[in-house]
There are 2 protein chains.
Amino acid sequence: MTDPLLESVVRANHELFMRTGDRVSRPLEEMGLTLATAQALWAIDPDRPPPSMKVLAGRLYCNAPNLSFVVNQLVDRGLVERGTDPADRRARVAVLTGRGREMRERVVDLLLRQSPFAECGAEELRHLTELLERVLDRSAD
Amino acid sequence: MTDPLLESVVRANHELFMRTGDRVSRPLEEMGLTLATAQALWAIDPDRPPPSMKVLAGRLYCNAPNLSFVVNQLVDRGLVERGTDPADRRARVAVLTGRGREMRERVVDLLLRQSPFAECGAEELRHLTELLERVLDRSAD
DNA sequence: AACAGTGCTTCGAGACTCGAAGTAAGTGTG
DNA sequence: CACACTTACTTCGAGTCTCGAAGCACTGTT
């Protein structure tokens, strides 16, 4: 009853993710980051309005206390500042500092270069994007 | 210099993995498992010779002390037993118990059913398998 | 028999995660 | 307006996960 094709896809997806994380952990450590803080940094796009804690927690699939902890790490490192959303003064937003933007760029660059997907050709990447985005859309909550 | 296609593929890979983990954590908890123990269980294929600690650590991208810890959890739950490899008596192997085999089957079934890939058709799955396996092979260490 | 190397475990410290409880700010109802 | 209710976030405490250092057991080599 278990589909071998489904199993191999899920396993490959898992494997690719773990392999990237493995390759990246040392360089991140040298930048003073952990995997958790790096992912949080990645989730804050400087070209978009700064996300609230709630939005950020959703993107990272973690809960509020956990996110508070991770954002504190980033604040302690001078990469992020907390602000208040003027439209809803309950909400705190995460804003990248100058060093934060710089560090985020290095992190994204590292993650992409170390990913096994980095060795794909343009044609493969177009193909993969199309397939994976479709799967994501279909499973949207 | 950052390829938007590469970025979307890496992001999708990350997203699909995290979404599966998120959906699966509650049911696993009800089975008395965590994500770490479930992945370890998945990594022990009962139809193949029982893996040594070293092999298992490689599959899970963790180091030896960490694997010892996780295997202890499985032993405490009666799902795994430690054995000694007769060919090299330094090496310990992880062997599934009867309950372990049963639990592993439930875990794999859960992971596959909850994965966003579960909604793919056979054609998509064939396509994805081919692409992802190629990427994996190319980045083999 | 000594010795260096390998596989694993234990230990201790740090990082991560989460539920429960508390604070501040918005919302709705009378 | 006052009141209860909800929402967004933080703090706290406990449990889980991860890893480097140190130590034990076995192997292969000289």
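Numbered from 1 within each chain, the chains take letters A, B, ... in sequence-line order.
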Please tabulate, one pair per line, all N/O donor-acceptor pairs under 3.5 Å involving side-chain atoms of residues 62-78 of chain B, not counting sequence neighbours.
| residue | atom | partner | partner atom | Å |
| --- | --- | --- | --- | --- |
| B/Asn63 | OD1 | B/Asn66 | N | 3.3 |
| B/Asn72 | OD1 | B/Arg82 | NH1 | 2.9 |
| B/Asn72 | OD1 | B/Arg82 | NH2 | 3.2 |
| B/Asn72 | ND2 | B/Ser68 | O | 3.3 |
| B/Arg77 | NE | B/Gly32 | O | 2.7 |
| B/Arg77 | NH1 | B/Gln73 | O | 3.0 |

Starting at the 5' end of nucleotides 10-18 of chain C, put B wherever the base has a protein heavy atom under 4.0 Å, S where only the sugar-phosphate does, and a dash everywhere else.
B----SSBB
Sorted by chain and number, sequence neighbours left out, salt bridge (Lys or Arg N to Asp or Glu O under 4.0 Å) with B/Arg101 holds for none
Name every residue in residues 10-17 of chain B that has at least one heavy atom under 4.0 Å from any atom of DNA chain C, in order of residue number, or write none if there are no such residues.
none
Between A/Arg59 and A/Trp42, is NZ or CZ placed under 6.0 angstrom from the six-membered ring centre and within 45° of the ring axis?
no
Between the protein and nucleotides 25-27 of chain C, which nitrogen or oxygen pairs are less than 3.5 angstrom apart?
| residue | atom | partner | partner atom | Å |
| --- | --- | --- | --- | --- |
| C/dG26 | OP1 | A/Arg89 | N | 3.0 |

Hydrophobic clusters join Ile, Leu, Val, Met, Phe, Trp and Tyr when side-chain heavy atoms are under 4.5 Å apart, directly or via other members; which others share one with B/Val93?
B/Val95
Please set out all donor-acceptor pairs under 3.5 angstrom arising from side-chain atoms of residues 114-122 of chain A, sequence neighbours excluded.
| residue | atom | partner | partner atom | Å |
| --- | --- | --- | --- | --- |
| A/Ser115 | OG | A/Phe117 | N | 3.0 |

According to ring-ring contact (aromatic ring centres under 6.0 Å, His included), does anything in residues 17-40 of chain B pair up with another residue at least two apart or in another chain? List the pairs.
A/His14-B/Phe17, A/Phe17-B/Phe17
The complete set of ring-ring contact (aromatic ring centres under 6.0 Å, His included) pairs with one or both residues in residues 70-89 of chain A, sequence neighbours excluded, reads none
For A/Arg134, the salt bridge (Lys or Arg N to Asp or Glu O under 4.0 Å) test, sequence neighbours excluded, returns A/Glu130, B/Glu124
Sequence neighbours excluded, the answer for salt bridge (Lys or Arg N to Asp or Glu O under 4.0 Å) partners of B/Arg26 is B/Glu29
Would you mind listing the cluster partners of B/Val55? Hydrophobic ones only (ILVMFWY), side-chain contacts under 4.5 Å, chaining allowed.
none
